[in-house]
Amino acid sequence: REIMLLRNLGLPSRPKPVSPPHVPSILWKLFNQRMGPSTAKKNANLCFVEDFNVPGSTVRAISDQGRFVNPHSTNPTTTVCLEKRLFFNISIMEKEERVTMGRLEVRFGQNTYYGRLFDLRLYRITQLSLKGMGNQKMSRKLLTAQTFRLLHKSLYFNLTETCQSWQDPRKNLGLTLEISPRKEGSLLAGQLDECQGIQTFLYTSLLAVTLDSAQCTMSRAKR
Amino acid sequence: SHGRLKFLPSNMCKRRRLYVEFGDVGWQKWVIAPRGYFANYCQGECPYPLTDVLNGSNHAILQTLAHSFEPNDVPLPCCIPIKMSPISVLFYDNGDNVVLKHYENMSVDECGC
């Protein structure tokens, strides 16, 4: 009987979280906006997420299931400080759901005003290599590249289009994140502390907003 | 705060308070918030004649009339929710993701015949 009830709520079975992550503050904020004591419940539009200005009825903070890669294992001369595969299992979404927003957060443990500059590159994996072939047969497409200083603890990237295409599970091969030090004039290549600051890397997380068309019928605009 | 206050005899169709605590149904390990909510329910009689306060539908009025002629064949209308509201639930799914989802028709605001 319980399973039947859970299915009606869109859950295949009773969730059994193994290592439940912390609840992101943005989700607490959205929850309190909708369900808090001061909420005007009757007027709340639960099919629109005002904080992101997108239509949506479900917001998910999806855990990254990717692994770290030792960049020196495939290329001993590389200057890359951090290389990580990112994989977000979005097959958990129901068929009726349409992604209206995808935002990747790259989180660091601390920020430093005088921190050094880094280059960040985010690739989308378009073809995987066979086991044991390393990165040689893996093809990837550059999604974004930017230079940053650790002024803030988090960096955000718009992945809406990528998430929309990932709804076809065959197209979801994940991402690769690479961070390398930017060569500044006063610094010499090969310095030991080149990667200092990046060790504070904590985690990546994907915030996805979806709209269930069956649940949220959009009203026609008034003439 | 939901709906109008109605002073009806206790056996008449009206909204009854029901607070569902997720801990009581064993869902506390994966539902993060709220801890519970006012689900409420409808219970009571819809007798002849249906007064305004019973929120009788046109169908219920005619069914009541038919019942007065054929009490054994036609039952009295029943008491059901006529206005419901959604709630939002914050929970963990099976992939250890945090989900904020809104569910329609979870809380009974008004009842009628």
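Every heavy atom of this structure was used, including side-chain atoms; hydrogens, water molecules and symmetry mates were not. Quick note on labels: first sequence line is chain A, next is B, and so on, each numbered from 1. Note that the structure is predicted; figures quoted are calculated from it, not measured.
Note: A:T58 leads A:L30, A:T58, A:V23, A:L27 in heavy-atom pairs under 4.5 Å with chain B. Options A:S19, A:G56, A:P24 differ in how many heavy-atom pairs under 4.5 Å they form with chain B, and the most are formed by A:S19. Between chain B and the options A:A61, A:P12, A:G10, the largest number of non-hydrogen pairs under 4.5 Å is found for A:A61.
Residues of residues 23-30 of chain B lying under 4.5 angstrom from chain A, judged on non-hydrogen atoms, are B:V25, B:G26, B:W27, B:K29, B:W30 by number. Listed in order of number, the residues of residues 150-168 of chain A that approach chain B to under 4.5 Å between heavy atoms amount to none. Residues of residues 202-210 of chain A lying under 4.5 angstrom from chain B, judged on non-hydrogen atoms, do not exist.
Applying the salt bridge (Lys or Arg N to Asp or Glu O under 4.0 Å) definition to pairs two or more places apart or across chains, those involving residues 33-46 of chain B are B:E21-B:R35.
Between B:N97 and A:I92, some side-chain heavy-atom pair lies under the 4.5 Å cut-off. Counting heavy atoms from C-beta on, the side chains of A:R60 and B:V98 never come closer than 4.5 Å. Contact check for A:L9 versus B:K101: no side-chain heavy atoms found under the 4.5 Å cut-off.
Taking OG of A:S57 as the reference point, atom CD of B:E104 lies at 8.5 Å (rounded to 0.5 Å). Here the straight-line distance linking atom CG of B:L100 with atom CH2 of A:W28 works out to 10.0 Å at 0.5 Å rounding.
For chain A, no part of B:Y37 is nearby; none of its heavy atoms comes within less than 4.5 Å. The part of A:L6 that comes within reach of chain B is its side chain, from C-beta onward, which places non-hydrogen atoms under 4.5 angstrom from that chain.
Formation of a donor-acceptor pair under 3.5 Å by the B:N94 side chain with backbone atoms of A:K16 is found in this model. In this structure, B:Y92 contributes its side chain and A:V18 its backbone to no donor-acceptor pair below 3.5 Å.
No more than 12 heavy atoms of other residues, nucleotides or ligands shown are found within 6.0 angstrom of CD1 on A:I3. Annotation: A:R14, atom CZ; neighbour count of heavy atoms from other residues, nucleotides and ligands within 6.0 Å is above 12. Other residues, nucleotides and ligands contribute at most 12 non-hydrogen atoms within 6.0 Å of the CG atom of B:N58.
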Next item on the list: Let me see the working for B:F91 and A:L11 under side-chain contact (heavy atoms from CB on, under 4.5 Å), right down to the final yes or no.
Entry: CA-CA 11 Å; B:F91 62 93; A:L11 296 161; 3.7 Å; yes
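Residues B:D96 and A:S63 have side chains that never bring a donor and an acceptor to within less than 3.5 angstrom of each other.
Heavy atoms only, all atoms of each residue included: A:M35 and B:P34 are closest at CE-CG, 4.3 Å.
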